[in-house]
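Heads up: the structure comes next, in structure tokens.
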Amino acid sequence: MLSTRYDPKSIEKKWYDYWLEKGFFTPKGKGEKFSIVIPPPNITGRIHMGHALNITLQDIVVRYKRMKGYDVLWVPGEDHAGIATQNAVEKFLLKTEGKKRSEIGREKFLEKTWEWANEYKEVIKRQIMALGASVDWTRERFTLDEGLSRAVRKVFVDLYKKGLIYKGKYIVNWCPRCKTVLSDEEVEHKEEEGKLYYVRYPIKDSDEYVIIATTRPETMLGDTAVAVHPKDERYKDLVGKIAILPLVGRELPIIADRRVDPKFGTGALKVTPAHDPTDFLIGQDHNLDVIDIMDDDAKINENGGKYAGLDRYEARKRIVEDLEREGYLVRIEDYKHSVGHCYRCDTVVEPRIMDQWFVKTKLLAERGIKAAEDGEIQFFPKRWTKVYLNWMNDIRDWCISRQLWWGHRIPVWYCEDCGHVMASEEVPERCEKCGSTNLKQDEDVLDTWFSSALWPFSTLGWPNETEDLKRYYPTDLLVTGFDIIFFWVARMIMMGYEFMGEKPFSHVYIHQLVRDKYGRKMSKSLGNGIDPLDMIDKYGADPLRFTLSMLAAQGRDIKLDERYFESYKRFANKIWNATRFVLLNLEDFEKIDLEETDLKIVDKWIFSRLEKTVKTVTDSLESYDFNIAAHAIYDFFWKEFCDWYIEAVKPRLQSGDRRAVQNVLVSVLDQSLKLLHPMMPFLTEELWQKLPTSGESITISKWPEYDERWIFESEELEFERLMQMVRGVRNVRAEVNMPQTKKVSVAVKGERLSNEVEGYLKNLGNVQSVEYVSERPKASATAFVDDRNEVYVELGGMIDISKELERLKKKLAKLQKDREMFEKKLSNEKFVENAPESVVEETKVRLNDVKDQMERLEKIIEELE
RNA sequence: GGGCGCGUAGCUCAGUGGGAGAGCGCUUCCCUCACGAGGAAGAGGCCGCAGGUUCGAGUCCUGCCGCGCCCA
């Protein structure tokens with residue numbers, strides 16, 4: 001028998017092992033398929049709450065679909081996470097061995113990183129298991145697997161041959177800490193308080209000067225022009241003249257270019273093509289010299305003259321001092337501007353001109369744009385479509401080379417003899433042009449997102465034409481966060497169409513961002529993270545999952561407070577104990593096919609409520625409204641099944657004739673557990689296995705189908721009417737501070753209650769006797785009034801007439817308000833004309849009810865007065 | 001500068017065109033034989049502000065105020 005308390009630890013591992021052993025998560029390859037690939041977590045450490053949410057939501061859909069009878073494949077895996085992992089390993093190395101990566105060399109460093117990777121792959125895997133994710137571990141993939149690496153090489157070489165990958169000198173974002181370039185998306189812009197420096201540049205052979213404004217004065221060492229807007233009247237005469245660069249003495253042509261913003265600073269722009277994206281473009285159009293003044297550490301290089309060797313900020317300070325001393329500095333203003341930071345280490349990035357590899361994205365994006373416009377790929381919530389489209393329509397070429405060691409090495413070889421460049425899937429033996437064997441591979445690796453972009457098909461075996469690829473591509477759903485729509489979602493779509501000729505997935509569900517209870521992003525630096533594994537340890541995986549489901553309302557961030565887990569653990573405990581109660585009453589259980597004649601009002605009520613819950617939960621899961629599904633089953637199970645149904649049938653269970661009610665209990669419990677299973681897999685399996693109607697596993701049991709035959713509208717109304725009577729009696733009792741245990745006598749005016757209803761009233765209201773009367777007994781309080789019955793609680797000496805009057809008058813006032821509202825509506829001709837007939841009809845009925853109740857109440861009040 | 005989202009009970013949030021809801025917290029009562037991690041009853045809301053559309057607006061539209069995010 002079950003213990004009195006739900007203990008998650010004692011059930012979770014056991015059932016996960018059972019599911020694995022039975023192979024429930026491996027698709028059978030028959031029937032309609034449903035496939036989904038996991039967003040591979042980075043192998044940098046523990047998973048965080050965002051992962052927990054992501055994995056939970058996927059597992060809910062996956063388990064639901066599996067129970068619906070789909071042939072479900074959920075592919076798990078991990079991401080090598082180039083820059084993030086390399087940073088983590090570097091830190092680890094420095095801490096444990098006191099060594100930098102440059103000291104141990106590429107080969108040794110990669111060895112260490114592989115050790116790290118293998119360890120953390122296992123860590124991640126165990127964490128995903130702890131969450132209960134029903135992924136198919138026999139198909140686990142890693143982005144640096146041989147198979148996936150082959151896919152990467154093939155994609156690179158194909159795109160290269162199509163001319164969609166090229167190498168070129170462009171302005172790129174350089175992280176001086178990670179010592180690599182970053183794509184535009186890997187740069188995070190943050191508003192910062194900075195300074196705006198106004199500097200005087202003298203005009204050659206004159207006493208004139210032009211004042212420029214800059215936030216980064218150190219870059220002046222690389223200035224090769226001054227630019228103004230062509231229509232700027234202030235500077236019309238200056239265009240064509242020469243300015244002299246202070247401190248350096250270089251001659252700078254003064255040019256006109258539309259890209260200059262006349263409203264910024266003085267309207268005159270110092271042009272530094274090597275260190276600013278706009279300046280770079282201006283430089284290209286005007287054939288300006290490009291002077292790179294920084295090295296990889298963001299220190300000034302030999303082109304910086306006497307400032308060479310200084311760090312960029314030190315150089316800034318020195319240059320400003322020198323400018324001031326020599327009279328070139330006009331003024332310094334406070335200035336708020338947005339500064340680019342590395343998304344992995346938060347260091348301020350420097351724009352630099354470098355020779356890097358790029359993917360030409362314009363053409364690739366076209367098909368992906370059409371797909372979203374046509375609804376071939378749908379976003380949930382819908383509004384993310386626009387975010388995606390804005391980016392795709394304005395897409396820029398993707399810088400894919402990284403000066404890292406950890407990742408897919410760029411499959412390009414350079415012939416040392418003739419200079420020929422070769423892209424090749426396999427290591428070439430000789431130069432295809434001159435035959436030389438003197439070949440050298442490109443030192444760089446690819447952006448980590450390059451391999452992720454192939455994930456939906458590379459994990460299924462591509463470029464081999466595997467059975468999996470044929471059967472499970474395209475996938476049906478992708479669940480991910482909005483922060484990687486550009487990094488990942490958009491690129492998977494582009495690559496999917498380019499290499500598979502088909503979309504990678506049909507639906508994209510963008511999940512919530514998990515914040516702390518104050519609405520701040522969870523971060524290591526703030527220390528405000530709530531660790532999902534700690535929560536599993538403290539409350540259990542099922543409560544964690546259910547909490548996240550309850551909070552997963554589309555289009556809104558989740559503000560997480562640990563108290564939620566406590567609340568929903570109580571729900572799990574409630575389920576546990578309700579099941580325990582049912583099991584305690586099943587010694588003589590015998591399964592029967594319930595006929596309508598076996599069913600009482602309360603049975604029909606609970607079946608009808610259950611059926612409606614089945615519909616709500618099913619519909620909500622279909623539309624990814626996880627919170628609605630969770631709320632529906634929570635309310636049904638706790639408030640209707642536990643608080644009313646079970647309480648109402650307790651006497652029947654004590655009687656000799658309890659076969660039918662046992663069957664109802666088991667049936668409702670069975671279906672409820674199934675509805676709960678996607679959200680709370682462990683708990684439901686544990687309990688379901690104990691039911692006399694169980695099977696091999698709830699995991700592969702059949703999802704409840706909505707069936708109108710189990711809807712009983714009139715019984716629902718009848719039972720709800722009874723609930724009102726019971727509440728009325730309880731209310732009276734509470735008003736006079738009568739203990740709940742004390743039995744009361746009730747007088748009923750109007751029609752006779754059925755034996756069944758009278759029984760519930762006695763049982764649930766703790767009523768000892770019901771007598772039928774034609775007049776209200778003296779010294780009684782009114783518990784319930786409608787057009788069929790009035791229910792009085794006999795109080796005898798306990799009655800406080802003034803208190804009773806106060807209570808009834810309050811009730812009357814409420815009714816009066818309703819009455820006025822209904823009357824106002826119905827007296828409005830336009831309402832009667834325009835509103836749907838059913839609404840008008842309902843309003844009339846309700847008005848009549850209210851009027852009737854008021855009349856009766858008024859009469860009672862009159863008598864009391 | 002462009003775009004997006006959010007302002008509903010003390011707190012955290014559901015609710016998208018027809019009678020204001022939940023959890024937690026609060027008050028009162030109950031050791032009722034599944035559960036005190038429970039049960040019963042209750043208090044608590046100009047649904048940010050101002051207009052508009054509509055027979056009817058928490059829900060749709062516009063503006064404003066406040067908060068947050070993305071992009072440039």
Side-chain angles (χ1 to χ4, degrees), chain A residues 1-6 184-185 188-189 261 263-264 277-278 338 381 383-384 386-387 389-391 394 482-483 485-486 513 515 517-521 539 543 547 550-564 566-585 625 627-628 630-632 634-635 638-639 642-643 646-647 650 653-654 726-743 763-766 814 817-818 821-822 824-836 838-840 842-843 846-847 849-850:
Chain A
M1 190 38 66
L2 292 174
S3 68
T4 55
R5 284 197 168 197
Y6 154 65
D184 294 332
E185 292 69 37
E188 287 180 356
H189 294 271
D261 176 6
K263 289 196 288 284
F264 175 78
T278 311
S338 116
R383 68 183 171 91
W384 293 108
K386 215 167 142 188
V387 174
L389 282 174
N390 284 346
W391 187 79
D394 196 27
F482 69 86
D483 49 331
I485 290 178
F486 308 146
L513 183 68
R515 299 174 173 278
K517 64 176 165 179
Y518 304 108
R520 300 173 308 185
K521 215 165 165 172
Y539 304 100
T547 302
M550 287 290 271
L551 298 176
Q554 276 191 29
R556 193 171 193 141
D557 292 345
I558 290 177
K559 278 192 221 170
L560 198 61
D561 187 332
E562 198 178 321
R563 287 184 310 176
Y564 285 122
E566 178 67 34
S567 296
Y568 297 121
K569 186 179 183 183
R570 290 183 194 194
F571 179 47
N573 190 59
K574 189 76 182 175
I575 299 166
W576 183 271
N577 276 295
T579 307
R580 186 162 169 271
F581 172 80
V582 173
L583 294 175
L584 284 169
N585 285 284
D625 292 308
N627 62 317
I628 297 175
H631 269 106
Y634 179 94
D635 286 343
W638 199 319
K639 295 176 184 171
C642 293
D643 288 349
I646 288 182
E647 292 305 324
K650 276 180 178 173
L653 282 167
Q654 311 293 332
V726 171
R727 287 195 183 111
V729 172
R730 288 170 175 170
N731 185 284
V732 166
R733 201 197 295 275
E735 286 293 326
V736 299
N737 282 327
M738 182 192 287
Q740 223 126 34
T741 40
K742 189 166 157 63
K743 288 195 183 285
N763 174 35
L764 298 171
N766 202 19
K814 248 183 209 162
K817 245 176 105 183
D818 286 351
M821 188 186 67
F822 292 140
K824 198 177 143 200
K825 272 188 175 183
L826 287 167
S827 63
N828 182 345
E829 278 174 34
K830 286 177 179 169
F831 171 74
V832 181
E833 261 170 48
N834 294 321
S838 61
V839 174
V840 177
E842 204 191 323
T843 309
R846 298 229 316 251
L847 176 62
D849 285 353
V850 166

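In the text below, chain A, chain B and the rest are named by the order of the sequence lines, each starting its count at 1.
When the C1' atom is used for both B/rG15 and B/rA9, the distance is 14 Å, rounded to whole Å. Comparing B/rG21 with B/rG45, their C1' atoms are spaced 11 Å from each other, to the whole Å. Across B/rG23 and B/rC64, the matching P atoms stand 39 Å from one another, rounded to whole Å. Taking the P atom of each, B/rA57 and B/rC30 are spaced 46 Å apart, rounded to whole Å. Only the P atoms considered, B/rU8 is 40 Å distant from B/rU32, to the nearest whole Å.
Between A/Lys386 and B/rC4 there is a side-chain N or O to OP1 or OP2 distance below 4.0 Å. Put simply, A/Lys824 has no side-chain N or O that comes within less than 4.0 Å of OP1 or OP2 on B/rG56. For A/Lys650, a side-chain nitrogen or oxygen approaches OP1 or OP2 of B/rA34 to under 4.0 Å.
Pairing for B/rU54 is absent, judged as Watson-Crick or G-U wobble with the two contacts each under 3.5 Å. Base pairing of B/rC67 is made with B/rG5, judged by Watson-Crick or G-U wobble geometry with both donor-acceptor distances under 3.5 Å. Base pairing of B/rG25 is not made with any nucleotide, judged by Watson-Crick or G-U wobble geometry with both donor-acceptor distances under 3.5 Å. If you check B/rU16 for Watson-Crick or wobble pairing at under 3.5 angstrom, you find it has no partner at all.
Listed here is the closest heavy atom pair of A/Val832 and A/Leu826: CG2-O, 3.4 Å.
A donor-acceptor contact under 3.5 Å is not formed by the side chain of A/Arg733 with the base of B/rA41. Interface remark: the A/Glu647 side chain does form a donor-acceptor pair with the B/rA34 base, using a distance-only criterion of under 3.5 Å.
Taking for each of A/Phe571 and A/Phe482 the nucleotide of RNA chain B with the nearest heavy atom, the 5'-most of the two is the partner of A/Phe571.
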Check nucleotides 18-20 of chain B against the protein and report each pair of N or O atoms closer than 3.5 Å, with its distance, or say if there are none.
from, atom 1, to, atom 2, distance (Å)
B/rG19, N9, A/Arg846, NH2, 2.9
B/rG19, N1, A/Arg846, NE, 3.3
B/rG19, N2, A/Arg846, NE, 2.8
B/rG19, N3, A/Arg846, NE, 3.0
B/rG19, N3, A/Arg846, NH2, 2.3

Using atom names, set out every protein N or O paired with an N or O of nucleotides 22-28 of chain B below 3.5 Å, distance rounded to 0.1 Å.
from, atom 1, to, atom 2, distance (Å)
B/rA22, O3', A/Lys639, NZ, 3.1
B/rG23, O2', A/Ser567, OG, 3.3
B/rC24, O2', A/Arg563, NH1, 3.1

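Other residues, nucleotides and ligands contribute over 12 non-hydrogen atoms within 6.0 Å of the CD atom of A/Glu833.
Of all nucleotides listed (B/rC55, B/rC4, B/rG3), B/rC4 comes nearest to the side chain of A/Arg383.
At the heavy-atom level, A/Asn731 lies under 4.0 Å from the strands shown only through sugar-phosphate atoms. Using a 4.0 Å heavy-atom distance criterion, A/Asp643 is classed as a sugar-phosphate-only contact.
Rounding to whole angstrom units, CG of residue A/Asp625 and C1' of B/rU16 are separated by 12 Å.
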